[in-house]
Amino acid sequence: MTPETLAEKVLSATRAAFADLGLDAAALPAKTTVERPRNPEHGDYASTIAMQVAKRAGTDPRALAQEIAGRLADAEGVAEVDIAGPGFLNVTLEAAAAGEIARRIVAAGTAYGYNESMEGRQVNLEFVSANPTGPVHAGGTRWAAVGDALARVMRASGAKVVSEYYFNDAGSQIDTFSASLLARAQGEPVPENGYGGAYIDRIAAEVLRRSPDALEAADPREVFRVHGVELMFDQIKATLAEFGTHFDVYFNEKELHDKGELDDAVERLSKEGRVFEADGALWLRTSDLGDDKDRVLKKSDGSWTYFAADCAYYLDKRERGFDKVVIMLGADHHGYIGRMQAMSRAFGDEPGTLEILIGQMVNLMREGKPVRMSKRAGTVVTLGDIIEAIGVDATRYALTRYSADSSIDLDIDLWTRHGNDNPVYYVQYAHARIAGVLRNAAELGLDRGGDYDAALLSHPRENELLKALAEFPAVVASAAELREPHRIARYAEDLAGAYHRFYTDCRVLPYPGEDLSETGRARLWLVEATRVVLANALALLGVTAPERM
RNA sequence: GCGCCAGUAGCUCAGCUGGAUAGAGCACCGGACUUCUAAUCCGACGGUCGCAGGUUCGAAUCCUGCCUGGCGCGCCA
C-alpha cells in the first residue's frame, strides 16, 4: 500500500466518522497525508487529521480519533490502528500490504517517482544566462546543477519544461570583452576595467589563428567580437555539456530587438496605463505594483535599458504559451525581484505566473580559505575548474544537496576526497553494492521470478526500507512544487542509509550449498526496487549510478 | 536608512509549509568482517533551535521587535 492510498483511506474513514457523529463535513480537508514516524513504536504511518479537524468540527480530538480508528482498522491492508497523545493515529500495515510496493516499483522501473502534481503546466525555466564574456563562474555553476535538476524534477511531476539560456552578444560588456581581446592580440595590456585571465589570451590567439588579417581589418574590434563571442560560447556550451546540463533554447537578446519586441512590449504596457514620460525618459510605473521605485524603459538618450529587454523577453515567453515563467538568479540580483514582479503584474498576469528563484552565494574554499572570485583579475573559479578539481558527479551533488536559500562553502578538499565523509559516495556506494548483489545472483543463475510473497518482507529493516521506497513519488512532487531539488539528494541519503542497514542485517543470496529461499527471492525484488529508486533519484540530480566502485 | 537570505550538536547542514523524546554526515570514544563490496553497520558523546515577546491543544516551523553575518538598493549590464 502506498502512503497516498493510506491517506485516502484515512480521509474516507474520517468522512464516515463525521457522518455517523452528525458533524459538519465542511470541516474536512479535500486531501490529507500520512507521515512516516521516526519512532517505530508509532507504527508504519501516522495521521494528525483528528487533531487538525477536531477544533473546526467542534469536537474532542481524542474522541474523534477513536471513531476514525475504529473504521480505519477495518480497511484492507491495515493491521492495527493506535491512538496516542492528543489524537495521533498510528497505523501499522499488514506485512503483505507494505511489501507489495516493491512489485510496483520494479514494474514501473525508470518511471517510478513520476507523479502528476504538475500535470498540464507549461514551464519556462531560465538559468545560468551568463554572457559570453568569460567562462561560467561558481554562481552560474550552482544554477547549472540546481536548474537542471529542477527541470528534471518538474518533468517527472508532469510539467512540460523548456530550459532556457538567455544571453547578449552586443552591448557594453561585450564591447569590453572584444576590446580586451584586441588589446591582448596586439600584445598590449587590457584596457581599464577590461577582462583579464588566461582565457582572454587564449581566445585572442585563436581569433588570430582563424583570421590572420584581423588586426588589419577595417574594424578589428568587430572581428574580435564576432569570433571571440563564438569561441567563448562554444567553450561555455562544451563545458555545460560535459557537466550534463542541457538547454532546450539559447535565446539571444538581439532577437528581441530585431523583431521590434521591445516596442511591442512597451506598447502593451502603455495600453495597460503603466507607462509615463519624465525627464526625457520613458518609465514603467512599477511603484504601484510593489516595487520600491519606478523604472526606466527608454533612457533620455533614446537607448533602451536592460530592463526594457527583460520586459520584452518576459512577454515573448508568455506569448510562446508558458503559463509559468521561472527565472533563477544569484543573490546579487535579488534587487530585481520587485521590478520584475511588478512588470509581470503590469502585463496583467496573476501573481505566481512569474517566479524568481534566488540562489545564495557559492564560496569556493581551498585549504580552509575562500577562493576569491573576480573575473577581471583572472582568478575566477570556473565551472571547468570545479569539474576538473572535483569531478562532475561530486560537483553536481555538492551543489544540489543544499537549499538554494543557504550560501555554500564548497570545500574543494572535502569533495575531492574519495572517502566516506563525502556524501555522494555514500549514495553511490549503496547503488554499487546492490549492483554487486544482483551480479552475484545472475552468476549463480538465481532469478527473482515472476512474483513473490510480500508478507515475507517482515523484518524491521525490510519494513524501514519499504517505507522509504514508498515515499519517493511524494518527495519528487514536493521537490517540484517547492522548487527544491535538494530534497531529492537528502532523500537519496535517507534511502541509502535504509539499504545499508538492511544489507547488514538481512542476507539476500543463499549461503554456499544452499538454495534460494522464498524470503531470499522476495528480497531480490526488494533489492531491485531499491536499485531502481536510487538510480532514479540520482538521475534527477544528473549524477551517475555506478555499477561498481 | 530600506529590502532579501541565513543563524539548529565541536564542524557542515536537514527538518516533509504547526505535531510525538529536534535529526543526518563529519569529528571524537567504544564495538562488528572465515560467507552477498567494512566507501558499511551498531553503540556512546553532543543542542537554552541567535535573543525577547505573541498566536494555540502543540512552535525550530507562523506573527512582531531586536542582535549577528552575507548580499543588494543606477537613465550600469
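Letters A, B, ... are given to chains in the order of the sequence lines, protein chains preceding strands, and every chain is numbered from 1.
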Enquirer: What donor-acceptor contacts under 3.5 angstrom involve side-chain atoms of residues 83-91 of chain A, with partners at least two apart or in another chain?
Expert:
none

Enquirer: Considering only atom C1', compute the distance from rC66(B) to rA9(B) and round it to an integer number of Å.
Expert: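 That atom pair is separated by 26 Å.
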Enquirer: According to salt bridge (charged side-chain N to carboxylate O under 4.0 Å, His left out), does anything in residues 40-51 of chain A pair up with another residue at least two apart or in another chain? List the pairs.
Expert: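 Applying salt bridge (charged side-chain N to carboxylate O under 4.0 Å, His left out) to every pair that reaches into residues 40-51 of chain A, excluding sequence neighbours, yields Asp44(A)-Lys467(A).
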Enquirer: What N/O pairs connect the protein and nucleotides 58-62 of chain B at under 3.5 Å? Give each pair on its own line.
Expert:
none

Enquirer: For nucleotides rC67(B) and rA27(B), find the distance between their C1' atoms and express it as a whole number of Å.
Expert: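 To the nearest whole Å, 30 Å.
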Enquirer: Syn or anti for rU17(B), taking syn as within 90° of 0?
Expert: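 In terms of base orientation relative to the sugar, rU17(B) is syn.
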Enquirer: Any side-chain N or O of Arg339(A) below 4.0 angstrom from OP1/OP2 of rC73(B)?
Expert: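 Checking Arg339(A) against rC73(B): no side-chain N or O falls below 4.0 Å of OP1 or OP2.
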Enquirer: Taking Arg295(A) first and then Asp310(A), would you say they form a salt bridge - that is, a charged N and a carboxylate O separated by under 4.0 Å?
Expert: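 Salt bridge flag = no for Asp310(A) with Arg295(A).
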Enquirer: Between rU35(B), rC75(B), rC4(B), which one does the side chain of His334(A) approach most closely?
Expert: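 Of all the options, the side chain of His334(A) is nearest to rC4(B).
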Enquirer: Who are the side chain to side chain contact (heavy atoms under 4.5 Å, CB included) partners of Val229(A), not counting sequence neighbours?
Expert: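 Expected list: Pro132(A), Asp169(A), Ile174(A), Phe177(A), Arg225(A).
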Enquirer: Set out, line by line, the N/O atom pairs under 3.5 Å between protein and nucleotides 41-43 of chain B.
Expert:
| from | atom 1 | to | atom 2 | distance (Å) |
| --- | --- | --- | --- | --- |
| rC41(B) | OP1 | Tyr426(A) | OH | 2.5 |
| rC41(B) | O4' | Thr504(A) | OG1 | 3.3 |

Enquirer: Assess Arg507(A) against Tyr511(A): is NZ or CZ under 6.0 Å from the centre of the six-membered ring, and within 45 degrees of the ring's axis?
Expert: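 So Arg507(A) does make the cation-pi contact.
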Enquirer: With the criterion set at under 5.5 Å between ring centres and under 30 degrees between planes, would rG19(B) be stacked on Phe88(A)?
Expert: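 No; by the centre-distance and plane-angle rule, Phe88(A) does not count as stacking on rG19(B).
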Enquirer: Taking only Watson-Crick and G-U wobble pairs with both distances under 3.5 Å, what dot-bracket line describes RNA chain B, where [ ] shows pairs that cross earlier ones and | shows pairs with another strand?
Expert: (((((((..((((.....[...))))..((((.......))))......(((((..]....))))))))))))....
Enquirer: Does Tyr503(A) lie flat on the base of rC36(B), that is, centres under 5.5 Å apart and planes under 30° off?
Expert: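 Answer is yes, a stack.
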